Each structure stands twice: as structure tokens, then as C-alpha cells.
Amino acid sequence: MTAVVTGLGVLAPTGAGVETYWAATLAGRSALAPPTRFDATGYPHRLAGEIDLDVAALVPRRLLAQTDHMTRLALVAAEWALADAVLEPAEQPEYAMSVATACSSGGFEFGQRELQKLWGHGPHQVSAYQSFAWFYAVNTGQISIRHGMRGPSGVLVAEQAGGLDVLGQARRLLRGPAALVVSGAVDASLCPWGWVATGTSGRVSTSDDSARAFLPFDAAAGGHVVGEGGALLVVEEAAAAAARGVTRPYGTVAGYAATFDPRDPRREPGLRRAVVGALADAGLEPSDVGVVYADAAGTPELDEQEAAALRDVFGANRVPVTAPKAGVGRLSSGGGPLDVATALLGLRDAVVPPTPNVTAPRPDLGLDLVVGGAREVEHDAALVLARGQGGFNAAVVVTRP
Amino acid sequence: MRSLTGPELAALLSDAGGPPDVTLDPEAFMSTPFADLGYDSLAVLETLTLVQARWGVSLPDDVVAAATNPADLLVVLNRELVA
């Protein structure tokens, strides 16, 4: 079974829509700024990666009362991904279409508003839609209902790593009853409740300088900026895609592996095993990989752990490494799928986008970090990494079609 | 307590579940089943929530359970509101 990606729906702080995002990413643009949807002035961390889009205008009016901002973004991304795949769901067998998305926090803005009603006015004024609008699985459910996709569907919750885990899940579904899966993740919790929750990690930057707040692998790394968005991907069994006339998919989800960090800090973290597992699953050697899209946590210790894993597998400075997420922030479960979309576009155009804002990569890390501008690199395979808070590690290998 | 009018109920349904799937004159709208208007049970329950929020009252959820169209719903809501 070969799983190919035939459609992309991208919503990122640097650009809404695949080609807008891709042009901004190649240019190394950064979109980190104070959030506009709520006042973050009084919080310890005051910068965000916010999407500039009137998303409510793009969602059917019937769904507005029952959707959080996050779900509206997901519905738009799914619609765009299906259009990009030139796929009309009504013409496909409904039980052969599945939805597998990841989610980290659910619809926090909606949930905060309804909890405020509960405390301020009592249970009778809480929206009936609170029963599901905040829930982790809501993006999967709304996409499934809207497009009549009735195959086995679900949600994975593993913070950043979940966004790659669902691509592994998509492949499992394609080995079973599904001919296509809408997969990936769009996360968004830029509201006071989400802000406080993400801030508890202790890994969020307190800098007010948008050009210096998120500097993975840099000597000045001091945490990350939280962003919103992600990507949804249409993943199809290659033969089924070819049968409906797809001649040029973006690429193949060739390898996937997930590991968990041991509790004992003296033992090696699980990231290296995830890399080795994904390469083995793809049937590739380290030398086959043309670029690594790093997890890029942006704290010195986590950057060191990731660099150690990459040095161990690839050798020091042997493979280009990049982190376009430095320009959009960490998008929770949306980050991994956005990186996979980016990696597929890089394979298509034989280029590696730069890591925005980073000017002084630590030489001791032994990483060939792509900074300062995009680098032309003919390559056939890209490795994407994601680490989720709590010990989750996931790695995906995508290859050219 | 002031009672609810048909046009007010139509506006609340639209806020709770979006505009109806079909365009109808007001009288026909009131007698058309919720399913044909595109309103599921949650949209009706949400309408009850909006009535409670805007009228400042507490009503039991089950009052709307038996209503199958806007006319039915108007009757049961007004029975509660003027009680």
C-alpha cells in the first residue's frame, strides 16, 4: 500500500492558502506579533503567531453558532485541501472516506465564553453546542459531517507529535477500508484560557522582540512563541488516486514512527529511535534524506537533545536542517502537518526554505541549519520531526512521487 | 412576562442554527417541520438557551422535546413564558 498526498489546505500566520504560505516561507518571512483577538499585555508572554483571515466569512452561516474559531479554520483548510485534490466527496463512496485529525486543546475560545456564562449567569444560558464545540474530536466530526465522509474516523491527542501521528493513522486506515483520508491538524487557542494553559509549560518566550522571541538552535534561544493554524492533507491510496485521474501527487508518506520518552532523565530521549524507525519504515538510509524539518523547541536543552539525535543518525553537519516554524510559532498539533506540507512543496520545487530570525546558530550543535535565505537542494526525501509535551515523539518521511 | 412572537422565534432559530434551508412566507415557515427547515434537535435546544438568556428565565430542557415545527415551539415557549 502506498499513501500519496494529493491535496493540501494550509492556514498559517504567514499565509492562508498553499502558494501564499509557500512564497512567504521561501522568503523567510516572520509573522510573530502581539495577538489582536485579545489583549495579552498583562501576561508573561505577549507575542503570538496569529492568522490574518476573516475565517467566519468563509464558513456556512449554519455552522457559526456551533463552531469555535479553531473548527472554522479546520473547515476552511479541509475545503481547500479537497479543492486542491480536485476531489468531489459527493462522487466518492461515503464509507471509503475517513477523517483523522489531531488536536491539542480543543475549542478553547468557545469553551471559555460558555464557562464564563456558566459562572456569570448559570447553566441555562450555556450554549447547547458547548456539548461538542470545545471537544478534541470536533474538527474531525464537523469535516466528516460537512463532506459526508462516513469511513472510520477519529482524533489523536499528543500535542505537537499528534499532528504527525495522524499521518501514520491515515496509512493504517488506507490499509483497511478507506480509499482516502483527510488528515493533519489545525490548532488554535489564542484566547486568555488557552494562553494561560500553554504558558504553564515554562517553555514560552517572555521576549517582546518579535525578531528574537523564538530562535531555535540559536545561541540566544529562550523559548518559543505560540501560534495558530496548521495544514490538512488529502491522503489517498496511490492506485485509487490514479484511478480517479490524479497524475501528479505531491508525494508519498513513505515512513512513520512514534516513540515515547523514558521517565528516567538519565536514559536517552526517544527522538533518535523515532528517526531510525521512520527511516526503516520508509526503507531508506540516512544518506537518502535531503533535508530535516526539525521540531525546533527553541530551548537550549531541548535543542541539544534534538541535535544529538540528528548527529547520531546523520553525522555532524551532514544534512540540511531547517525550522520554518520560527516564523509562525509552534502551532501545537498543527505544526507537524504544516511542516509536512512545507516538505512536500520543497520536494516539488527542489528547495529548502530558511529558518526565519535565527542569525547565530550554535556551532556546537553540529547542525547545518539553513538560515539567511532558501537553499536550492535537489532531494528525493524529507524527514519531519515533532515532539509533543509529555514525552511524545513522532517522525515522518515524505518522498517525491 | 412578555410573550414571544412568530417573527422573533424565526430570528432566534436563525441565530441558533443559521438561516433556514428553504425560503418560505412566514405562515408556511411556522408549520414546516424543523427537519425540512434544516434545524436539528440541538438547534432547537440552542433556541431555548437563547430565549432563556434574552428573557432572563430558566426553563426545563424537556419543554421543547415534543415540538416538531416552529408553531409548536412557539406554543410551548409561550405557555412557559406567561405561566
Side-chain angles (χ1 to χ4, degrees), chain A residues 54-69 71-76 78-79 90 94 106-107 109-150, chain B residues 1-2 4 8-24 29 32-70 72-73 76-83:
Chain A
D54 182 9
V55 67
L58 300 176
V59 171
R61 281 184 60 195
R62 178 170 302 293
L63 298 177
L64 287 180
Q66 58 175 271
T67 45
D68 179 67
H69 177 69
T71 301
R72 295 173 186 173
L73 292 172
L75 284 166
V76 169
E79 188 180 340
E94 56 187 351
E109 195 176 294
F110 194 107
Q112 177 178 343
R113 189 179 64 230
E114 297 310 317
L115 288 175
Q116 283 172 324
K117 285 187 199 167
L118 176 65
W119 296 327
H121 305 286
H124 289 284
Q125 297 197 17
V126 175
S127 169
Y129 299 121
Q130 171 70 356
S131 55
F132 61 79
W134 77 272
F135 189 51
Y136 303 102
V138 69
N139 293 350
T140 286
Q142 290 283 15
I143 292 165
S144 163
I145 292 166
R146 186 176 184 197
H147 298 290
M149 300 176 160
R150 308 180 81 152
Chain B
M1 186 74 61
R2 188 173 70 75
L4 184 67
E8 284 173 330
L9 178 61
L12 289 171
L13 279 163
S14 190
D15 287 347
D21 283 348
V22 285
T23 308
L24 298 165
F29 173 85
T32 300
F34 287 125
D36 296 343
L37 296 169
Y39 296 131
D40 58 18
S41 58
L42 269 172
V44 176
L45 204 55
E46 180 71 355
T47 303
L48 176 70
T49 305
L50 295 179
V51 169
Q52 294 178 106
R54 292 179 199 182
W55 266 253
V57 293
S58 289
L59 305 175
D61 287 350
D62 57 8
V63 298
V64 301
T68 58
N69 61 35
D72 286 354
L73 183 60
V76 297
L77 286 175
N78 278 330
R79 192 183 298 147
E80 294 289 333
L81 288 173
V82 301

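Just so it is clear, the structure is predicted and the values come from calculations on it, not from any experiment. Each chain gets a letter, A, B and so on, in the order the sequences are listed, and its residues count up from 1.
With 3.5 Å as the limit, one finds no donor-acceptor pair spanning the side chains of B/Thr32 and B/Asp36.
Here NE2 of A/His69 is found 14.0 Å from CZ of A/Phe110. Values are rounded to the nearest 0.5 Å. Atom NZ in A/Lys117 sits 5.5 Å away from atom CZ in A/Arg113 (nearest 0.5 Å).
Remark: B/Glu8 engages B/Arg2 in a salt bridge, criterion side-chain N to carboxylate O under 4.0 Å.
Residue-level contacts of residues 130-145 of chain A with chain B, in order of numbering, are A/Ser131, A/Phe132; threshold 4.5 Å between heavy atoms.
With hydrogens and angles ignored, the 3.5 Å screen pairs a side-chain donor or acceptor of B/Gln52 with a backbone N or O of A/His124.
Interface summary for chain A: among B/Thr47, B/Leu48, B/Leu59, B/Asp15, the most heavy-atom pairs under 4.5 angstrom belong to B/Leu59.
With a 6.0 Å radius and a threshold of 12 heavy atoms from other residues, nucleotides or ligands, A/Arg150 has its CZ atom at or below the threshold.
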